[in-house]
Amino acid sequence: MYVIHCSYKAFMHYVKYFIWSKWHDPEKPLFVLGVFVILSYISKGMQVMTWNWKEFGVSFLVFEVFAYQARYQINDLRDIGDDRDSDDRLFPKGVSKNAYIIELSAILAGIKIILAFVCTYFLGGRIKKYLYIELVALAIITVIYERIRDTYNLDKICFWVGAGYPLRFIVVAMAVGPKYMNNVTEGKLLLFYFLLIISPWTLGSMASVAQWVADVVKLKALSIDSYGKKHYIKLAERIEERYNLTKEKKTDGKIYPLREGGKMNDIWNVYFIISICSSSINVLFQKESAIGQVILGELLTWVMLLVLIKWASYRKIIYCNAILIILILIKFVFAWKCGFETGCVIYIFQWMVVGTYFYVTYRPQFKKIDMKKFLIYFMKGVLGEEAARCIVNDKEKK
């Protein structure tokens with residue numbers, strides 16, 4: 001019976017894996033959908049039925065469903081020797097390596113690549129040539145990233161891991177069309193595009209590195225051989241050197257790389273700073289009227305950014321993030337009232353960056369939230385204490 005259970009579990013894993021390799025990683029498709037909604041709203045307002053849903057659907061199918069899933073499968077195949085105890089990889093915990101599964105994954109990855117080009121040819125329409133260019137760009141980025149990973153150069157790996165985010169942004173922007181660019185000052189278009197590439201690129205790097213840091217901390221109690229991936233070892237060495245003498249280390253012997261006020265040159269903080277500041281610079285260069293208020297808003301953002309990174313303790317991170325989000329909201333409202341739609345897009349992106357930073361730094365606290373207790377308190381507030389107690393007691397008896 002135990003063997004049957006394991007076989008069924010493995011079967012369900014591969015069904016999900018071969019359909020959507022990164023089913024544990026929903027933020028990337030959510031990022032794509034969010035960018036599409038924002039740009040479509042700026043372009044055509046709330047006339048949802050007039051949005052370019054067909055182009056978006058084709059680009060999502062080509063890139064997220066076929067091209068990127070194939071890219072993730074290839075990455076997992078190359079990492080078979082390093083990936084250990086990961087439920088979202090080709091061979092999860094408790095499943096031994098199998099030549100048939102390896103061959104099947106390679107074949108399916110190849111089929112997905114072919115389907116990406118076939119769908120582009122038959123369904124691409126207006127965006128066909130852009131999809132071809134971006135598929136080639138994805139292939140080049142994949143080759144570069146895999147080559148860089150083989151060198152175990154941590155800084156280069158952290159830089160190139162974020163390259164998928166600007167590529168996704170460009171894919172969606174081409175699907176939406178050029179109308180959302182109407183408010184971009186002529187002559188500043190190149191700068192606008194350059195900074196729009198830098199901002200999501202560094203966002204992707206920050207999010208990925210922060211996830212790696214969390215993985216390394218989780219593995220900290222294990223031997224160095226348990227880390228698996230070589231860049232995890234390099235990252236662990238840097239974390240150890242950086243945090244060996246912190247107050248937290250002296251107090252309880254543990255390492256909290258993402259929790260206390262950190263150094264400005266921590267890899268994740270560097271990318272966080274670049275992502276926010278590049279978007280701020282974009283606003284300053286695009287806005288010509290009411291420039292004083294815009295400059296003041298960006299200066300306050302940078303000051304709050306410095307406080308958040310340099311001096312905010314782990315317990316104060318939530319308050320600093322909240323203040324920063326409110327500040328960006330005020331800037332958004334000001335830009336909206338001034339008809340500065342390009343600024344609205346940039347400020348929404350700043351929200352995404354700050355929200356991601358908040359999530360990756362405060363994630364351990366999210367995991368401690370007891371949803372059962374939350375629901376019980378909610379029922380008591382809505383139904384009354386006696387009714388809630390009856391429901392809870394009945395559920396516990398079952």
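Just so it is clear, the values below take in all heavy atoms, side chains as well, and ignore hydrogens, waters and symmetry mates.
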### Message
Is it the case that the side chains of Q73 and K112 hold a donor-acceptor pair, with the cut-off being a distance below 3.5 Å and no angle test?
### Response
yes

- request: Could you verify whether a donor N or O on one side chain and an acceptor N or O on the other, from Y357 and N269, lie under 3.5 Å apart?
  value: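 A pair is found: one side chain offers a donor N or O, the other an acceptor, under 3.5 Å apart.
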
Taken in chain and number order and not counting sequence neighbours, the residues that satisfy salt bridge (Lys or Arg N to Asp or Glu O under 4.0 Å) with K28 are D25

With rounding to the nearest 0.5 Å, note down the distance linking [atom1] in [X] to [atom2] in [Y].
X: I274; Y: S279; atom1: CD1; atom2: OG; value: 12.0 Å
X: K54; Y: I127; atom1: NZ; atom2: CD1; value: 8.5 Å
X: Y347; Y: E298; atom1: OH; atom2: CD; value: 4.0 Å
X: I276; Y: Q350; atom1: CD1; atom2: CD; value: 5.0 Å
X: D266; Y: I273; atom1: CG; atom2: CD1; value: 9.5 Å
X: Q293; Y: K331; atom1: CD; atom2: NZ; value: 13.5 Å

Would you be so kind as to tabulate the donor-acceptor pairs closer than 3.5 Å made by side chains of residues 162-172, with sequence neighbours excluded?
from: R168; atom 1: NE; to: E64; atom 2: OE2; distance (Å): 2.7
from: R168; atom 1: NH2; to: Y72; atom 2: OH; distance (Å): 3.0

Report the C-alpha distance between F60 and F36 in whole Å, list the side-chain angles of each, state the deciding distance to 0.1 Å, and finish with yes or no for side-chain contact (heavy atoms from CB on, under 4.5 Å). CA-CA 10 Å; F60 190 88; F36 175 73; over 6 Å; no

When you compare the side chain of [Y] with that of [X], does any pair of heavy atoms fall below 4.5 Å?
X: I74; Y: I113; answer: yes
X: W212; Y: I157; answer: yes
X: T301; Y: M304; answer: no
X: V35; Y: F349; answer: no
X: K156; Y: R149; answer: no
X: I267; Y: L154; answer: yes

Examine distances only and state if a side-chain atom of [X] and a backbone atom of [Y] form a donor-acceptor pair shorter than 3.5 Å.
X: S105; Y: I102; answer: no
X: W351; Y: I325; answer: yes
X: S278; Y: S275; answer: yes
X: K128; Y: Y121; answer: yes
X: S205; Y: C158; answer: yes

- Query: Centres of the W336 and Y41 rings: under 6.0 Å?
  - Reply: yes

Hydrophobic cluster identity match, [X] and [Y], side-chain contacts under 4.5 Å:
X: L135; Y: F122; answer: yes
X: Y17; Y: I107; answer: yes
X: I133; Y: F117; answer: no
X: F56; Y: L30; answer: no

For a side-chain contact (heavy atoms from CB on, under 4.5 Å) check, start with the C-alpha distance between N52 and R126, then their side-chain angles and the critical distance, and finish with the verdict. CA-CA 11 Å; N52 296 341; R126 174 180 63 82; 3.6 Å; yes

Exercise. Going by the angle between their ring planes, with limits at 30° and 60°, are Y68 and F63 parallel, tilted or perpendicular?
Worked result: tilted

Subject >> Passing option when L138 is tested against I140, V136, T142 for side chain to side chain contact (heavy atoms under 4.5 Å, CB included) >> reply: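 Exactly one option meets the side chain to side chain contact (heavy atoms under 4.5 Å, CB included) with L138, and it is T142.
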
Quick check on side chain to side chain contact (heavy atoms under 4.5 Å, CB included): which of L131, V65, V62 does C119 satisfy it with?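 Per the side chain to side chain contact (heavy atoms under 4.5 Å, CB included) rule, the option paired with C119 is V62, out of L131, V65, V62.
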
Please walk me through it: do F159 and W201 pass ring-ring contact (aromatic ring centres under 6.0 Å, His included)? CA-CA 8 Å; F159 175 77; W201 191 316; 5.0 Å; yes

Note to self: side-chain contact (heavy atoms from CB on, under 4.5 Å), that's the test. Do L203 and F272 meet it? Break it down for me.
What the structure shows: CA-CA 7 Å; L203 167 63; F272 180 44; over 6 Å; no

Dump the intermediate steps for salt bridge (Lys or Arg N to Asp or Glu O under 4.0 Å) on E146 and R71, then the final yes or no.
CA-CA 11 Å; E146 294 298 336; R71 186 252 182 276; 3.5 Å; yes

Apart from I326 itself, its cluster of hydrophobic side chains linked below 4.5 Å comprises I330

Nearest heavy-atom approach of L327 to G297 is CD2-O, 4.4 Å

### Task
Can you see which heavy atom on D155 is nearest to which on Y271, and at what distance?
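In this case the closest contact between D155 and Y271 is O-OH, 4.0 Å.
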
Quiz prompt | Evaluation steps, side-chain contact (heavy atoms from CB on, under 4.5 Å), between L61 and F66 | solution = CA-CA 6 Å; L61 179 68; F66 291 141; 3.6 Å; yes

- prompt: Crowded around F18 CZ? As in, over 12 foreign heavy atoms under 6.0 Å?
  reply: yes

- Query: What do you reckon, is NZ of K129 surrounded by more than 12 foreign heavy atoms closer than 6.0 Å?
  - Reply: no

CA sep, side-chain torsions, deciding dist, call: N75, Y145, side-chain hydrogen bond (donor to acceptor under 3.5 Å, both in side chains): CA-CA 10 Å; N75 176 264; Y145 177 68; 5.3 Å; no

